[in-house]
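Heads up, the thing below is written out as structure tokens.
Chain A is the first sequence line, chain B the second, and so forth, proteins listed ahead of strands; every chain is numbered from 1. Given the structure is predicted, the values throughout are model-derived calculations rather than measurements.
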There are 2 protein chains.
Amino acid sequence: MATGRNHRPATRSRGIPEATVARLPLYLRALTALSERSVPTVSSEELATAAGVNSAKLRKDFSYLGSYGTRGVGYDVEYLVYQISRELGLTQDWPVVIVGIGNLGAALANYGGFASRGFRVAALIDADPAMTGRQVAGMGVSHVDDLEQIIQANGVSIGVITTPGGAAQQVCDRLVAAGITSILNFAPTVLSVPEGVDVRKVDLSIELQILAFHEQRKAADELAAGRNGTPRVPAAVERRAGRAEDGPEGDIPAVMPA
Amino acid sequence: MATGRNHRPATRSRGIPEATVARLPLYLRALTALSERSVPTVSSEELATAAGVNSAKLRKDFSYLGSYGTRGVGYDVEYLVYQISRELGLTQDWPVVIVGIGNLGAALANYGGFASRGFRVAALIDADPAMTGRQVAGMGVSHVDDLEQIIQANGVSIGVITTPGGAAQQVCDRLVAAGITSILNFAPTVLSVPEGVDVRKVDLSIELQILAFHEQRKAADELAAGRNGTPRVPAAVERRAGRAEDGPEGDIPAVMPA
DNA sequence: AACTGTGAAATCCTTCACAGCT
DNA sequence: AGCTGTGAAGGATTTCACAGTT
């Protein structure tokens with residue numbers, strides 16, 4: 001898939017690494033904050049700190065976009081805001097639909113930062129007739145029967161799925177059939193989509209489980225270290241350590257699904 | 001950092017790769033579904049499909065946990081559920097607090113999948129006195145003044161921040177001072193925390209921006225390909241292509257370093 | 001003097017492909 | 001015969017460190 005070899009010096013190289021793309025929004029946010037404070041230029045070091053990364057990484061990232069900095073000086077804030085916005089496709093507006101107007105769907109509909117960057121909620125869609133027509137975030141909820149028509153009429157290419165897990169694949173299939181090519185999935189389901197459709201997944205429960213893993217490891221390390229190391233670990237670990245033990249190995253448990 | 005060389009067959013190697021940890025919850029979810037259907041064993045191929053990864057990756061991931069499969073047969077579903085649960089620390093229960101009971105905080109509080117896997121909402125906390133005492137998801141909202149006391153009393157070590165961006169760092173500092181060592185941050189803010197505290201970030205706006213990047217690239221590729229390629233790209237790209245143009249190269253945009 | 005842009009090295013992650021067990 | 005477990009190869013990402021520019 002990589003474009004063989006890129007002769008052109010920079011300025012328009014195809015194929016920005018995915019890891020870099022995922023950080024561009026962070027840089028953009030930090031830059032926007034600087035812009036609002038009318039800061040004219042910023043060094044890679046300062047910007048990196050604001051974005052929560054290290055400066056070598058930031059410079060490498062920017063090098064994929066082109067040479068937008070000035071040696072000895074830094075980056076022009078407004079200019080960079082524009083370049084990154086353009087690279088991310090935020091100079092155009094992106095209508096999105098939210099399917100599944102439960103607690104989460106409604107919360108997202110109300111979420112302000114949504115509209116801020118070129119994203120516009122074109123419609124809220126739900127399968128429940130009792131929901132249809134109700135006002136959420138100042139907007140009428142449409143019935144899922146009209147899904148295809150809404151997408152076509154508004155030229156929507158991004159869909160957000162906030163249905164229960166059981167409905168997600170079905171909704172996904174309809175979205176894709178209707179022309180959607182990017183999906184943000186909040187349902188706890190692995191969606192299968194045809195080639196050419198992007199799916200990103202946001203899953204609260206997965207994030208918590210990852211945190212739990214590290215949390216547990218901290219407690220275990222603390223125990224193993226015989227509590228004689230640096231006393232930098234906060235109180236919770238200490239309190240928790242007792243419960244963390246579970247029989248380190250051995251007997252097969254009474255595992256319970258439900 | 002790698003433990004030199006691991007003699008022990010497996011069973012307890014330190015240092016599971018982060019990428020693997022991030023996938024364990026996916027495997028666990030797929031396994032739980034199999035378990036509910038009383039499927040006794042599963043091959044790496046089947047499980048990988050259900051989890052949305054490829055089988056080599058899955059086998060490699062499991063190899064970090066130990067040798068839990070049977071050659072020629074596959075994995076015992078119940079046994080694997082237990083092993084992964086244990087590895088993730090889900091055999092104990094994790095009280096969490098949610099700070100910031102706006103739309104999103106309330107939605108999370110109501111979210112069912114929360115409680116399912118050992119996570120228990122110990123308290124909902126908000127700074128707004130008007131919110132205090134109100135019932136959300138069958139639970140009283142506490143005032144942020146009591147944050148420290150609540151955390152100590154319940155042995156909470158995981159905090160979820162759903163405040164507006166402006167309040168997030170402040171809340172984070174208090175959580176950390178009170179003993180929290182893992183934070184799930186929904187606020188659009190880069191949190192700074194002392195060493196030993198884990199932060200994971202969930203950001204709707206960032207996810208959408210990443211999708212927009214790819215969406216834009218699809219449209220651009222479509223144009224560049226002179227629309228003679230395979231006609232597999234859905235209608236939205238076509239519709240969108242006109243707007244996606246922005247001056248492909250060449251002229252420097254209106255926005256310029258002052 | 002300050003700071004960017006980038007090859008090269010180091011590290012991390014994925015995929016291949018097959019030996020080894022059941 | 002079927003499937004796991006894993007070295008080794010291949011990619012991708014991060015970090016280093018410094019040449020080059022203002």
Side-chain angles (χ1 to χ4, degrees), chain A residues 1-24 26-27 31 39-49 51-77 79-80 83 210, chain B residues 1-24 26-27 31 39-49 51-77 79-80 83-84 210 257:
Chain A
M1 206 144 282
T3 344
R5 176 65 60 147
N6 195 346
H7 291 133
R8 309 289 239 42
T11 316
R12 186 75 356 186
S13 73
R14 238 354 68 215
I16 298 173
E18 193 52 38
T20 295
V21 172
R23 280 186 297 266
L24 292 181
L26 288 177
Y27 302 145
L31 284 163
V39 176
T41 62
V42 66
S43 70
S44 62
E45 192 64 42
E46 294 166 318
L47 183 53
T49 302
V53 304
N54 77 31
S55 64
K57 199 186 291 188
L58 177 144
R59 288 200 302 279
K60 189 53 118 187
D61 284 342
F62 286 178
S63 80
Y64 295 115
L65 310 185
S67 280
Y68 295 150
T70 308
R71 290 166 203 242
V73 178
Y75 301 92
D76 181 277
V77 171
Y79 186 60
L80 247 196
Q83 291 298 347
I210 296 170
Chain B
M1 201 145 287
T3 343
R5 182 55 68 139
N6 196 347
H7 291 134
R8 309 287 241 41
T11 317
R12 186 79 348 194
S13 74
R14 234 4 55 223
I16 297 172
E18 193 52 35
T20 295
V21 172
R23 279 187 297 266
L24 293 181
L26 287 177
Y27 302 144
L31 284 164
V39 176
T41 62
V42 66
S43 71
S44 62
E45 193 63 42
E46 294 167 316
L47 183 53
T49 301
V53 304
N54 76 31
S55 64
K57 200 186 292 191
L58 177 143
R59 288 200 302 279
K60 188 56 122 183
D61 283 342
F62 286 179
S63 80
Y64 295 116
L65 309 185
S67 279
Y68 295 150
T70 308
R71 291 167 203 240
V73 178
Y75 301 93
D76 182 275
V77 171
Y79 186 59
L80 246 196
Q83 291 300 344
I84 295 179
I210 295 170

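Distances shorter than 4.0 Å separate none of the side-chain N or O atoms of B:Arg59 from OP1 or OP2 on C:dA17. For B:Tyr75, a side-chain nitrogen or oxygen approaches OP1 or OP2 of D:dG5 to under 4.0 Å. Taking 4.0 angstrom as the limit, B:Ser44 places a side-chain polar atom (N or O) nearer than this to OP1 or OP2 of D:dT4.
One atom, CG of A:Asp61, and another, C1' of D:dT15, lie 12 Å apart when rounded to the nearest Å. A straight line from OH of A:Tyr64 to P of C:dG5 spans 14 Å, rounded to a whole angstrom. Separating the CD atom of B:Glu46 from the C1' atom of D:dT4 is a distance of 14 Å, rounded to the nearest angstrom. When rounded to the nearest whole Å, the span between CD1 of A:Ile16 and P of D:dA12 equals 15 Å. Going from atom OH of A:Tyr79 over to atom C1' of C:dT4 covers 15 Å, rounded to whole Å. Taking atom CG of residue A:Leu65 and atom P of nucleotide C:dT4, one finds them 15 Å apart after rounding to whole Å. Between A:Lys57 atom NZ and C:dA9 atom C1' the separation is 17 Å, expressed in whole Å. When rounded to the nearest whole Å, the span between CD of A:Glu45 and C1' of C:dT4 equals 12 Å.
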A:Arg59 and A:Tyr75: CA distance, side-chain angles, deciding distance, side-chain contact (heavy atoms from CB on, under 4.5 Å) verdict: CA-CA 10 Å; A:Arg59 288 200 302 279; A:Tyr75 301 92; 3.8 Å; yes
Stepwise, does the side-chain contact (heavy atoms from CB on, under 4.5 Å) test hold for B:Tyr27 with B:Val53? CA-CA 9 Å; B:Tyr27 302 144; B:Val53 304; 3.8 Å; yes
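Distance CZ/B:Phe62 to CG/B:Leu47: 5.0 Å, rounded to 0.5 Å. Interatomic distance, NZ of A:Lys57 versus OG of A:Ser44, reported as 13.5 Å (0.5 Å rounding).
Checked against C:dG5, D:dG5, C:dT15, the side chain of B:Asn54 finds its nearest nucleotide in C:dT15. When each of C:dC13, D:dT4, D:dT6 is scored by its nearest atom to the side-chain atoms of B:Ser43, the top-ranked nucleotide is D:dT4. If you check D:dT13, D:dA8, C:dG5 against the side chain of B:Lys60, the one that comes closest is D:dA8. For A:Arg71, counting side-chain heavy atoms from C-beta on, the closest listed nucleotide (D:dG7, D:dG20, D:dT4) is D:dG20.
Residue-to-nucleotide proximity on DNA chain D shows that, of B:Ala56 and A:Glu18, the 5′-proximal contact is made by B:Ala56. Sequence order on DNA chain D of the closest nucleotides to A:Arg23 and B:Gly74 puts B:Gly74 first from the 5' end.
Side-chain contact check for A:Glu18 versus B:Ile210: some heavy-atom pair is nearer than 4.5 Å.
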